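Both ligands and their constituent atoms are indexed starting at 1 by order of listing. Since the structure is predicted, the reported quantities are computational estimates derived from the model, not experimental observations. The analysis underlying the following values was restricted to heavy atoms, covering all of them including side chains, and did not include hydrogens, waters or symmetry mates.
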Amino acid sequence: MQRRDFLKGAGAGLAASTLAACAKKEGAAATGELPTIRWRLASSYPKSLDTIYGAAEVMAMRVEAITNGKFQIRVHAGGEIVPGLQVLDAVQQGTVECGHSASYYYVGKNMAFAFDCAVPFGLTARQQNAWMYQGGGLELTRELFKQYNVLNFPGGNTGVQMGGWFRKEIRSLADLNGLKMRIPGIGGQIMAKLGAVPQTLAGGDIYPALERGAIDAAEWVGPYDDEKLGFAKIAKHYYYPGWWEGGPQLSFYVNIDKWNGLPESYRQAFETACMEANVTMLAAYDTKNPQALKKLIADGVQLHAFPKDVMAAAQKIAFEIYDEEAGKNPVFKKIYEPWKAFREAELQWFQLAEAGYANFLFGK
Ligand code: CA
C-alpha cells in the first residue's frame, strides 16, 4: 500500500513537472493565450475537382478543430488569388502563407521538383509515402524547397492514373507517330521522343480540343475526374496505365518565415492535418474510381492496356532523360541517385508478396 502510494505520488510529480515544462515552453498555452491566426491557402485546383481541392479543405478544417478554432486557414481555388500554376511563387513571395499544388508544375524552375510529385516510371503512392516519410525523400526535397523559402508536406495522392482517351486504338509504337496528345511535363517529353506531338492544355480546354479534332488523345486523371469531363462521348478508347503518373503526390507549401512565426502546437496541428489529407485523398479516389469506371463501361468505353513495346520504349527514354539531367543539374542528381536506389529496393520487395497477391487477386 505504501509502495503504491509512493508510485502514485511519483507519477503525479512527474506529470506535474512535465506539464510545467510544457507550460514554460509555450507560456501562452498555460494561460490560454494562443493567438488567433488567419492564413490564406492558394490551391492550384478548381472546386470541380472536389477530391483534390477537397484535400486542402480537409487539412484546413482539421487544423481549425485541433486549435479550438484559433488557427484558421481559408482555402482559395485556383485563379482566385493567383493562377493555379503559380502557387509555389505565391507562397515563396508571401502573397499567401500556404498553398496546395503538384510540384511537377514547377519543373521549369528545376526538374528536381518532380520528385516531390511524380516522374514517369517512378514510385507508386505507397512507395512515395515510404520514400517521403521514412526513406529520406522529405529531407532531400526540403533542401530544394528551402532555396525557395518554402517548406513542403505530402498532401494527397491520386494513385496510378489512367493513360488517357484516344480517338483511335494504339496497337504499337508506330501508332504514336504524329499523334497529337494533351500530356504535360516529362511524360510529354517522352511522348515527343516516341514520335507523338505533346500539347499542354488546361483542364477546361481539353474537351473542346478533342471534340473538334485539334488533338487525337488526352490524359487527365482517372475514371472519377475523367467521367465528369465527358471524354467518353468523343474518344472511346481508354488506356492504362498512366505510366507518367504512377503515384503522383500533391503537396502543401508553407512560406518558411510564416512557419517560423507559428506557435509549436499550431505547427504540429498543420503537419498532422497534412498527413490526414494525404491519406484521405487517396482513399477517396480508391472509393470513387471503381464506381465511375462502372458508369464509363456502361456508356460503351473500351479499355485497353498500352502495348508492351510502348511501355518499354517509354521507360528507356525516361531514364535517359533523368541520367542526362543528372549530368548537368547537381540539385537533380543529389535527389535522383538516392531516389533511384530506393526505387530499385522497393521494386525488388514489391515484386514478391505485393505483386504475387495482386496478380492473383486482380487478375482475370
Ligand atoms: Ca494526369
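Here the angle centred on the Ca ion (ligand 1), running from OE1 of Glu245 over to O of Trp220, is 160°, rounded to 10°.
At least one N, O or S atom of Gln161, from either the backbone or the side chain, sits less than 3.0 Å from the Ca ion (ligand 1). Among the backbone and side-chain atoms of Gly164, none of the N, O or S atoms lies under 3.0 Å from the Ca ion (ligand 1).
Side-chain contact check for Asn157 and Tyr285: no donor-acceptor pair (N or O, by modelled atom type) lies under 3.5 Å.
With contacts defined as side-chain heavy-atom distances shorter than 4.5 Å, the pair Met281/Leu250 qualifies.
The N, O or S atom of Glu219 with the smallest distance to the Ca ion (ligand 1) is OE1.
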Side-chain atoms of residues 91-103: list all donor-acceptor pairs with protein atoms under 3.5 Å, sequence neighbours left out, distances to 0.1 Å.
unit_1, atom_1, unit_2, atom_2, d
Glu97, OE1, Arg40, N, 2.8
His100, NE2, Gly155, O, 2.9
Ser101, OG, Ser44, OG, 2.7
Ser101, OG, Tyr106, OH, 2.8
Ser103, OG, Asp116, OD2, 2.6
Ser103, OG, Tyr253, OH, 2.7

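For residues 155-172, the set of pairs meeting the salt bridge (charged side-chain N to carboxylate O under 4.0 Å, His left out) definition, not counting sequence neighbours, comprises Glu169-Arg171.
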